[in-house]
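A short write-up of the structure that comes next.
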Amino acid sequence: MYISTAVQRGWPLGMLVQSILRGIVSSEGVENYGNTSVAMAEDVDDEEGNGRQHEVEEQAYEGPEGSDEDEDYPIPGEWREHGFGNPVVHDAKQQEWEYRENEVVQGAKYASSALLKEAVKLWSLSLKKEFKVVKSTQSVYDVCCVSEGCPWRLHAYKRIMKTHWKVSIITEHNCYDREVPKYNRNLTAALVANEMYGRILDAPHFEPKQIIGEMYTISYAKAYRAKQKVFEMRFGTYEDSYDNLPRMLATIAQRNPETYYDVMHFPNPEGGPSILQRKIQGHYLVAIGVDGNNQVLPVAFAFVENENADSWYWFLERVKTNAVSSRSNVCLISDRHSGILDAIEKLKHGNGASPPLWPDVHSRWCMRHLAANFYDYFKNKDLQDLFKSLCSQNQQRKFNAIWKLLDELTAKHQAPTSSASSSGRTAKPFSQWIQDKPKEKWTLLYDTNGRRYGIMTTNHAECYNMVMRSSRGLPLVGVVEFILYGCAKYFRERYMSISADLSNASVLFGRTITKYMETKTDKAQIHNARSGTRENRLEVSCGDRSRRGVRERERGRCRKPSLETMVPLIAPA
């Protein structure tokens, strides 16, 4: 009944046939088992190919008490239960290979020749022995000890109709007094890569010197090749990564809505592999934003061969179109690389017949990079620190005083330097060196409408470059995967840390902005403001009327008001 029902409803049907020993046979040639007797014969071949008959028994089980005796085929009792009692079919097939973990023994079986060779190498390393290959074919693997007179030998084979390799011969070593070599010939780069696979992938910045410390004594070149093999095992070769990258980016964009990617192809008219299909020292172009909590916000990435005006324009054009979109008055803070400056100028003002793509973009310079140019010219660390203080000043009086001091000090510093120098370069003070650099580009005081939001450097982008440093040796698909998982983890951690504030209605600003405002409010409590002698002017002094002013003065943080502490400010309209 079950079989007919299964056939009608299309249920999957499996039949298990078991070969058993011959039982007691009656004179009619029928085996007797209880109330049911079934005799069947099946012709099969044994491992040697000799034909013989195996008796196959099919037993029918008596049903429970009260079962329907009119049924043609009695049904087992467990089948009458709801859901058939959750039956499980146990497959009798076993794996054909068997071996020990760190020892090769006679009769051991291996699934492939690669596993066999790796096991022999690891075993030899544990014994501090070396071997050489006598014969290695698709069906035979034979090795012997490198020491003269040592009878050690290992022989393994694979039969034509078998799927595994079997070790048939192993003899013992008698070269126990042989000196262990410094470099083991059997410790190949591929073997090191297999052993260090997980360690290197968990820490891509793993240096070859660290690999040498973890493994046996190997050369630096072999450790480096082992590291590269690990990357190829995981991400493919550098040539393959260029073919796999577009498909990988398409999959990422498909599974992450509002993700954009673009690939520019460079055909090679001379034929052969393109220059981009070789392992090259390319560049990462990154656009990093800063949120209200002064945290890094990755926006866009690009891989280019060279950092020039064309590559920066191609990158910023896509940042504007797909990331910034219609947001106005965006400020770009960068170094003074000619490529990025030319690209921003072209985006803002257009190029001949083409209209400007980003007319309201604002450009500012990194204070740290400009200070490095200052040091290259004046060669003085103290003057460089004073220049950084000038860049970050937000009061006109202090700005003028530092500018004047820089003029005096640079003039004194340049006089002995120019007299001792034989290069013939004309020494000039600070004012002449800085005159061709617009103040709104590098000073906080002259920053128009506060476009740079008090951010004076590109340290946020440099910080992300430090994170990306560990992935520089990976193929491109590995770099993309590093960025993808790294950003996902970073965004998840940032959301978990800020989720409590998002659900709190009393929190109006981010933590960094709130702390900044509290600091400025506390500082304002110890100052007094009064009308000045001129119109639209206020005179601010450190006062003692407030209780906080008294406390701060008692702590030595505030002096009594004097003419030196009177700072004139323009009153707000």
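Here Ala500 pairs with nothing under the side chain to side chain contact (heavy atoms under 4.5 Å, CB included) rule; sequence neighbours left out. Residues satisfying the ring pair (Phe, Tyr, Trp, His ring centres under 6.0 Å) criterion with Trp358, sequence neighbours excluded, are absent altogether. Residues that satisfy the ring pair (Phe, Tyr, Trp, His ring centres under 6.0 Å) test with His349, not counting sequence neighbours, are absent from this structure. Applying the side chain to side chain contact (heavy atoms under 4.5 Å, CB included) criterion to Thr137, with sequence neighbours excluded, gives Lys135, Ser139, Val140. The side chain to side chain contact (heavy atoms under 4.5 Å, CB included) search around Ala302 returns Leu285, Trp314, Phe315, not counting sequence neighbours. Residues forming a side chain to side chain contact (heavy atoms under 4.5 Å, CB included) with Met248 (at least two apart in sequence, or on another chain): Ile252, Val477, Val480, Glu481. For Arg364, the salt bridge (Lys or Arg N to Asp or Glu O under 4.0 Å) criterion is met by Asp447, not counting sequence neighbours. Scanning for salt bridge (Lys or Arg N to Asp or Glu O under 4.0 Å) contacts around Arg451 gives an empty result, with sequence neighbours left out. Remark: Tyr453 pairs with no residue by the ring pair (Phe, Tyr, Trp, His ring centres under 6.0 Å) rule, at least two apart or across chains.
Counting heavy atoms of neighbouring residues, nucleotides and ligands inside a 6.0 Å radius, atom CE of Met233 exceeds 12 of them. Residue Tyr260 qualifies as enclosed at atom OH: its count of foreign heavy atoms under 6.0 Å is above 12. More than 12 heavy atoms of other residues, nucleotides or ligands shown are found within 6.0 angstrom of CZ on Arg472.
Expressed to the nearest 0.5 Å, how far OH of Tyr220 lies from CD1 of Ile211 amounts to 9.0 Å. In this structure, CD in Glu172 is found 12.0 Å from SG in Cys145, a value given to the nearest 0.5 Å. The NZ atom of Lys437 sits 13.5 Å away from atom CD of Glu440, with the distance rounded to the nearest 0.5 Å. Note that NZ of Lys158 is 11.5 Å distant from CG of Leu116, once rounded to the nearest 0.5 Å. Note that CD of Glu493 is 11.0 Å distant from CD of Gln295, once rounded to the nearest 0.5 Å. From Leu347, atom CG reaches atom CG of Leu357 across 5.5 Å, with rounding to the nearest 0.5 Å.
Thr251 places a side-chain N or O within 3.5 Å of a backbone atom of Arg247 that can act as its donor or acceptor partner. Checking side-chain atoms of Glu130 against main-chain N and O of Val146 turns up no donor-acceptor pair under 3.5 Å. Under a 3.5 Å cut-off, the side chain of Lys227 and the backbone N or O of Glu207 do not form any donor-acceptor pair.
Phe387 has its ring centre less than 6.0 Å from the ring centre of Trp442. Annotation: Phe303 is in aromatic contact with Tyr284 [ring centroid separation under 6.0 Å].
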Is there a side-chain contact (heavy atoms from CB on, under 4.5 Å) between Val230 and Leu201? Walk through the geometry before answering. CA-CA 8 Å; Val230 170; Leu201 285 184; 4.0 Å; yes

Hey, mind stepping through Asp240 and Phe235 against side-chain contact (heavy atoms from CB on, under 4.5 Å) and telling me if it holds? CA-CA 9 Å; Asp240 294 339; Phe235 305 107; over 6 Å; no

Is there a side-chain contact (heavy atoms from CB on, under 4.5 Å) between Leu154 and Trp152 once you walk through the steps? CA-CA 7 Å; Leu154 184 145; Trp152 182 86; 4.1 Å; yes

Run the numbers on Lys346 and Asp342 for salt bridge (charged side-chain N to carboxylate O under 4.0 Å, His left out), then give the verdict. CA-CA 6 Å; Lys346 183 178 178 180; Asp342 293 344; over 6 Å; no

Could you go through Ile340 and Glu307, starting from their C-alpha distance and side-chain angles, then the distance that decides it, and tell me whether this counts as side-chain contact (heavy atoms from CB on, under 4.5 Å)? CA-CA 8 Å; Ile340 188 172; Glu307 186 181 5; 5.7 Å; no

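A heavy-atom distance below 4.5 Å is not found between the side chains of Ser124 and Lys121. A 4.5 Å side-chain heavy-atom check between Leu125 and Leu191 finds at least one atom pair inside the cut-off. With a 4.5 Å cut-off on side-chain heavy atoms, Lys129 and Asn186 do not count as touching. Residues Lys229 and Met196 are not in side-chain contact: their nearest non-hydrogen atoms beyond the backbone lie 4.5 Å or more apart. Put simply, the side chain of Gln384 reaches to within 4.5 Å of the side chain of Lys388, judged on heavy atoms. Side-chain contact between Arg185 and Lys132 is present, with heavy atoms from C-beta onward closer than 4.5 Å. By the 4.5 Å heavy-atom criterion applied to side chains, Arg153 and Val134 are not counted as neighbours. Side-chain atoms of Asn174 and Pro151, non-hydrogen and from C-beta on, do get closer than 4.5 Å to each other.
Contacts classified as side chain to side chain donor-acceptor pair (under 3.5 Å) and involving residues 321-334 (residues at least two apart or in different chains) are given here: Asn329-His362. For the ring-ring contact (aromatic ring centres under 6.0 Å, His included) condition, no pair includes a residue of residues 468-501, sequence neighbours left out. Among residue pairs with one or both ends in residues 455-468, those qualifying as side chain to side chain donor-acceptor pair (under 3.5 Å) are Asn294-His460, Arg368-Asn459, Thr457-Asn459; sequence neighbours excluded.
Trp365 pairs with exactly one of Asp335, Asn373, Leu341, Thr443 by the side-chain contact (heavy atoms from CB on, under 4.5 Å) rule, that one being Leu341.
For Cys150 against His173, the heavy-atom pair with the smallest separation is SG-ND1, 3.4 Å. Between Gly473 and Phe231, the shortest heavy-atom contact is O-CD1, 3.8 Å. Taking both residues in full, the closest heavy atoms of Ser136 and Tyr141 are given as OG-CD1, 3.8 Å, listed atom of the first, atom of the second, then distance. Closest of all the heavy-atom pairs between Val192 and Ala226 is CG1-CB, 3.7 Å. Residues Asn256 and Thr259 come closest through the heavy atom pair O-OG1, 2.8 Å. Closest approach of Ile455 and Ile333 over heavy atoms only: O-CD1, 3.4 Å.
Asn351 and Ser354 share no side-chain donor-acceptor pair at under 3.5 Å. A donor and an acceptor atom, one from each side chain of Ser311 and Asn308, are located under 3.5 Å apart.
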